[in-house]
Amino acid sequence: MDEIELIQKLSRDLPKTAEVITGAGDDCAVLDVGIPGYYQLFKTDAVVEGVHFDSSASPEKVGYKALARALSDIAAMGGRAGSAIVTLGLPQAFDPAYIESVYSGLRRLAESVKVAIVGGETVRNPERLILSVALVGSVPQGKCVLRSGAQPGDAIFVSGELGGSIEGKHLEFKPRLEEGEWLTEHFGIHAMIDLSDGLAGDLRHLTRAGGVGAELLTNAIPIS
């Protein structure tokens, strides 16, 4: 069983309430919490030492990436980010100065996109650093873009060059918040997705949700 199959298995028959518009299976959960004209977006994402970054990575960039990943999911819904809480899983022998630098990276990105960091939790994780960010946002009810909206005949676009992780670009990518809002404001976008797991993997999520296929022209893919 691979990760996608596990997620599908765990997501079946999850409890829902009347406020749930879209639950598990998209970039964010979509909730109707009674804000006139708007849905609330809810997302959590995590970075793990040894998986998403290594010990040689700049701590500021680690903090930046942790928030950027969650922001990218808000952007993929056409939404605007609001407030975040942060959970730190600290190894036994952690360096306080390193963790302070991680938070400097978090703050730098949060301030640039006007996101408030409003609290969180600290726990022990003996082997490695884990940084998890939960984020809420909002989207106009008529502008929320779901993966399941993909239709036959749609063109596939990306918002930048792909690849470059080996050169560290995964630690400093720009969440496409402005682009997501602009696209939904000016075009009838059917579907969007955060491209954090690579073109082949994330395109499969999109086509599966929409019940469509896809054809890629290799000479048209922008490579870093």
Side-chain angles (χ1 to χ4, degrees), residues 1-11 14 23-29 41-77 81 83-110 112-113 115 117-137 147 162-177 193-205 224:
M1 180 183 295
D2 63 19
E3 182 181 355
I4 293 175
E5 292 169 333
L6 177 61
I7 292 171
Q8 290 177 330
K9 187 176 182 65
L10 296 176
S11 300
L14 289 175
D26 216 301
D27 287 278
C28 298
L41 302 175
F42 192 19
K43 176 63 184 180
T44 184
D45 212 328
V47 293
V48 180
E49 184 178 359
V51 178
H52 302 101
F53 65 95
D54 59 34
S55 59
S56 67
S58 158
E60 290 87 354
K61 290 183 178 181
V62 171
Y64 178 99
K65 177 177 180 174
L67 179 57
R69 283 169 60 93
L71 290 170
S72 279
D73 290 309
I74 297 286
M77 311 296 287
S83 301
I85 58 176
V86 180
T87 298
L88 276 173
L90 294 172
Q92 194 70 32
F94 68 89
D95 178 359
Y98 182 94
I99 301 303
E100 289 177 14
S101 294
V102 167
Y103 260 73
S104 293
L106 274 166
R107 282 198 304 272
R108 174 169 61 88
L109 179 55
S112 72
V113 296
V115 164
I117 299 177
V118 295
E121 170 71 330
T122 303
V123 298
R124 285 299 178 96
N125 184 62
E127 293 185 358
R128 64 189 71 189
L129 175 65
I130 297 176
L131 189 62
S132 177
V133 175
L135 183 64
V136 294
R147 297 177 183 179
L162 305 180
S165 289
I166 197 170
E167 299 295 333
K169 291 189 176 182
H170 65 101
L171 291 168
E172 52 192 21
F173 70 94
K174 177 181 176 292
R176 303 297 203 257
L177 290 163
I193 190 170
D194 162 50
L195 201 61
S196 61
D197 293 329
L199 179 61
D202 284 322
L203 183 58
R204 183 161 56 134
H205 290 309
S224 173

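- Once rounded to the nearest 0.5 Å, the distance linking OH of Y98 with CG of L129 reads 6.0 Å.
- Between R128 and G50, the closest heavy-atom pair is NH1-CA, 4.4 Å.
- Among all heavy-atom pairs drawn from I74 and A81, the shortest one is CG2-N, 3.8 Å.
- Rounding to the nearest 0.5 Å gives a distance of 13.5 Å between CG of L109 and NZ of K61.
- Put simply, OG on S58 and NZ on K65 are 12.5 Å apart, with the number rounded to the nearest 0.5 Å.
- Atom CZ in R124 sits 5.0 Å away from atom CD in Q92 (nearest 0.5 Å).
- Looking at heavy atoms from C-beta onward, K169 lies in side-chain contact with S224 at the 4.5 angstrom threshold.
- You'll find the side chain of E127 stays beyond 4.5 Å of the side chain of P91, heavy atoms only.
- Note: L131 CG to L106 CG = 5.5 Å, rounded to the nearest 0.5 Å.
- Residues H52 and V47 share a closest heavy-atom pair of ND1-CA, 3.4 Å.
- The heavy-atom pair separating Y64 from K174 by the smallest distance is OH-CA, 4.0 Å.
- V86 is listed as a side-chain neighbour of I117, based on a closest heavy-atom distance under 4.5 Å.
- Separation of atoms OG (S72) and CD1 (I193) is listed at 11.5 Å; rounding is to 0.5 Å.
- Not one N or O on the side chain of D73 forms a donor-acceptor pair closer than 3.5 Å with the backbone of K43.
- Nearest heavy atom pair, residue C28 against residue L41, reads CB-CB, 4.3 Å.
- You'll find the side chain of D26 reaches within 4.5 Å of the side chain of M77, heavy atoms only.
- Around atom CD1 of I166, no more than 12 heavy atoms belonging to other residues, nucleotides or ligands sit under 6.0 Å away.
- Two residues are said to be in side-chain contact when any heavy atoms from C-beta on lie closer than 4.5 Å; D202 and D194 fail this criterion.
- Looking at R147 and D27, a side-chain N of the basic residue comes within less than 4.0 Å of a carboxylate O on the acidic one, giving a salt bridge.
- R107 meets the side chain to side chain donor-acceptor pair (under 3.5 Å) test with S104; sequence neighbours excluded.
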Checking side chain to side chain contact (heavy atoms under 4.5 Å, CB included) for the pair L135/V115: CA distance, chi angles, key distance, verdict? CA-CA 9 Å; L135 183 64; V115 164; 4.1 Å; yes
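- Of all heavy-atom pairs between I130 and N125, the closest is CD1-ND2, 3.6 Å.
- Inter-residue side-chain proximity for F173 and S196 is flagged as unmet; no heavy-atom pair is nearer than 4.5 Å.
- Contact check for L71 versus L177: side-chain heavy atoms found under the 4.5 Å cut-off.
- Scanning for side chain to side chain contact (heavy atoms under 4.5 Å, CB included) contacts around A46 gives S132, with sequence neighbours left out.
- With contacts defined as side-chain heavy-atom distances shorter than 4.5 Å, the pair V123/L88 does not qualify.
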